[in-house]
Peer 1: 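Got a structure here, written out as structure tokens. Questions coming.
Atoms within a ligand are numbered from 1 in the order they appear, just like the ligands themselves.
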Amino acid sequence: MGLGDGLTIRVPGDKSITQRALILGAMAHGESRIGAAPRGADPLATANALRALGVPIHGLDGPATAPIRIEGPGPRRWRQPRSSVDLHNSGTGARLLAGALAAQPLSVVLRGDESLSRRPMRRIAEPLRRMGATVEHLEGGGVLPMRVAGGALREIRHDGRVASAQVKSAILLAATGAGVPVEVREPRRSRDHGERMLEAMGVQLREGWQDGAWSVRIDAPPGRLAPLDMDVPGDFSSASFLLAWAVLAGQTPRLTIRGVGLNPTRTGFLAVLKRMGVEAEAAERGDAGGEPYGDLLVAAPERGLRAVAVGGEEVTGMIDEVPILAVLAARAEGVTRITGARELRVKESDRLAALAVNLRRIGVRVKELPDGLEIDGTSRALAGRVECFRDHRIAMAFGVLGAAPGCDIPVDDPGVADVSFPGFWRLLERVGDEARGRDRSARSTKKEQSRCPVVAIDGSAGAGKSTTAAAVAARLGFRHLDSGAIYRAVTLALLDSASGAGEVESISTAELEALGIDVHWGDAGMEVRIRGERAREEDLRAHRVTAAVSRVSAVPAVRAHLLELQRSAAEGPGLVAEGRDMGTVVFPEAALKVYLDADPRERARRRILQQGGAEPDAAEVEAEVARLRARDARDSTRVVAPLLKAADAQRLDTTDLDPETQIERIVQLVARALKQARSPLPAP
Ligand code: S3P
């Protein structure tokens, strides 16, 4: 695979290595320099905790290219902090600091955010107590907040039940800080960044398999640690999200990620990718502070992804890559089986549960096992909103899947990616743009669309959307996109197809393509076509279509399939797009978003009149109100494209407004929004 004939990128520095470098630098004697340290939320939380413990750290606020300098005060010279020390979301920070604090003559309370406060801490409290430290869980439950009172420690041999680099490092730090020998044994070999760094600082270690366990021993820790001088390589775990993007995006034949850490205890995911049929290579280029680094190269498989079985030892070497493997599995042919991954239940979220719930939401069949997942890959369009559970890797894994063709997967908390990968979403967008940029016509359509102002009108049934949207479009000379008519056309075509609408929930992309739904813009406005023929209004409004359309339009694959078609309407002087997810999903960048609402009684009255009825009496209105309320509840709680007011939409209550006033109000809002867009003023 040649370099330079595809996209080339870099990813931020390794979070695991950076946190260790910060803590070890703070235990050393003299000034340490850490280059290319990422400024993600986790490393910053650890650095700020060390500052609270009296360790001077410089350069943190600078760009990630500027090195961080730590003035290591020497052994056991940290200061008693004024209050508890907050590690926010960082499990590595909390556990490793607890180890380092066990050797300091201080009494420090460690705490964290809601997610970190649920994670198990007994696994480090117990060995640290055996070494002689006092460790208390202040609110019980074996979790944070936790007080660590340290001092003189004694030698122990720790036989860990689970393979955990955090536990191993915490104990090694405690022993090194206190100057006592130690042996840590684990059932599988976890990542060894701590060991490599300790060696670079002058500590001699003995490592190897012994009686079925991986053993790490320090027999004679030196009195003081030499300072560190290192550049942090790119984070393999962050890189793996982009590797997966390249595999799923399809358009980019090759992606190169430069300067990534290639420590063999971290790169297990590469072997799994190869088994899935992906051409993936690691080319080692050097060594930084005892850590090998180099370039990762990947090309999308020509014949699609194959399902795999992953378990046992292999999981330890790719513990943080299971979420991204799970989303790849959603697109692989066959059932992928992941086992031996019980530890995932106690990461930033219960990742097995989070993956299962979200995969199901977007339309993938998945079985949750006590220690893993079985994922039935599919080529169907996937759509639905994903819940991140405050977990950066869940957000990024689904972000990558959402950027793939045929997927529409907004995530509820994108900002959480900052924990390990600041700039993730920008990079994902950039690689996507560059990949698409190779296709000139795609680029010009995009430019065309970005020049066309969009007015998104969403709202509940009977709030007056359709009449208002059509009239506003006519007044402004804009196109009027009636998304409801497109969903009706799909329903009509399905009802007339051989298979009918009976199994619409499992419809494939190919079957949707075969329905031949298209939109044509002529003098009379929007015309929906089914296999080239104009769909007639009376057919679209037929009772059998009305009865089935809400079910058809709730199917994620259907919504994803129609996304591009709806977006392609944004051409010409302007577009008024009317529907239920115009402002939230289809046109999130709309120049103006309006959300129409009205009192349920008034909505009920209007619907009866709209359907050709006479002025209704109170009982008829009440009956219609009950139907509307049920529909509102269904629409706003459904998983796919629920009826929601976009956060930046203007709510317009139309209860007491006659149609002319409604239209006038919206036309004025459009004029104001367009004026602002032309001359953006700073907020007062
Ligand atoms: C880490 C070790 C792993 C990993 C985490 C970072 C570390 O956790 O999941 O993201 O820096 O040591 P465990 O050691 O608990 O498996």
Peer 1: For atom 11 (O) of ligand 1, what's the nearest protein heavy atom and its distance?
Peer 2: Ser16 OG, 2.4 Å

Peer 1: Specify the protein heavy atom at minimum distance from atom 1 (C) of ligand 1: its residue, its atom name, and the distance to 0.1 Å.
Peer 2: Gln166 NE2, 3.5 Å

Peer 1: Any idea which atoms of ligand 1 are less than 4.0 Å away from a heavy-atom of Ile319?
Peer 2: 9 (O)

Peer 1: For Asp371, is there an ion pair with Arg345 - N to carboxylate O distance below 4.0 angstrom?
Peer 2: no

Peer 1: Can you spot which of Lys15, Arg266, Arg191 makes a salt bridge (charged side-chain N to carboxylate O under 4.0 Å, His left out) with Asp320?
Peer 2: Arg191

Peer 1: Out of Arg191, His193, Arg20, who is nearest to atom 12 (O) of ligand 1 when you count heavy atoms only?
Peer 2: Arg20

Peer 1: Counting only nitrogen or oxygen atoms and a 3.5 angstrom limit, does Glu348 reach ligand 1?
Peer 2: no

Peer 1: Got an N/O contact under 3.5 Å between Ala165 and ligand 1?
Peer 2: yes

Peer 1: Quick one: which ligand 1 atoms are inside 4.0 Å of a heavy atom on Lys347?
Peer 2: 3 (C), 4 (C), 8 (O), 9 (O), 13 (P), 15 (O), 16 (O)

Peer 1: Checking side chain to side chain donor-acceptor pair (under 3.5 Å) for the pair Gln80/Ser107: CA distance, chi angles, key distance, verdict?
Peer 2: CA-CA 7 Å; Gln80 179 66 36; Ser107 172; 5.3 Å; no

Peer 1: Is there a donor in the side chain of Ser420 and an acceptor in the side chain of His392, or the other way round, less than 3.5 Å apart?
Peer 2: yes

Peer 1: By the definition salt bridge (charged side-chain N to carboxylate O under 4.0 Å, His left out), identify the one residue from Arg217, Arg206, Lys168 that meets it with Glu183.
Peer 2: Arg217

Peer 1: For ligand 1, find out whether one of its N or O atoms is nearer than 3.5 Å to an N or O atom of Glu343.
Peer 2: no

Peer 1: Evaluate the side-chain proximity of Ser117 to Val143: yes if any heavy-atom separation is below 4.5 Å, no if none is.
Peer 2: no

Peer 1: As a check for students: among Val167, Asp320, Val162, identify the option with a heavy atom nearest to atom 9 (O) of ligand 1.
Peer 2: Asp320

Peer 1: Test your reading of the model: is there a side-chain donor-acceptor pair from Arg331 to the backbone of Leu305, 3.5 Å cut-off?
Peer 2: no

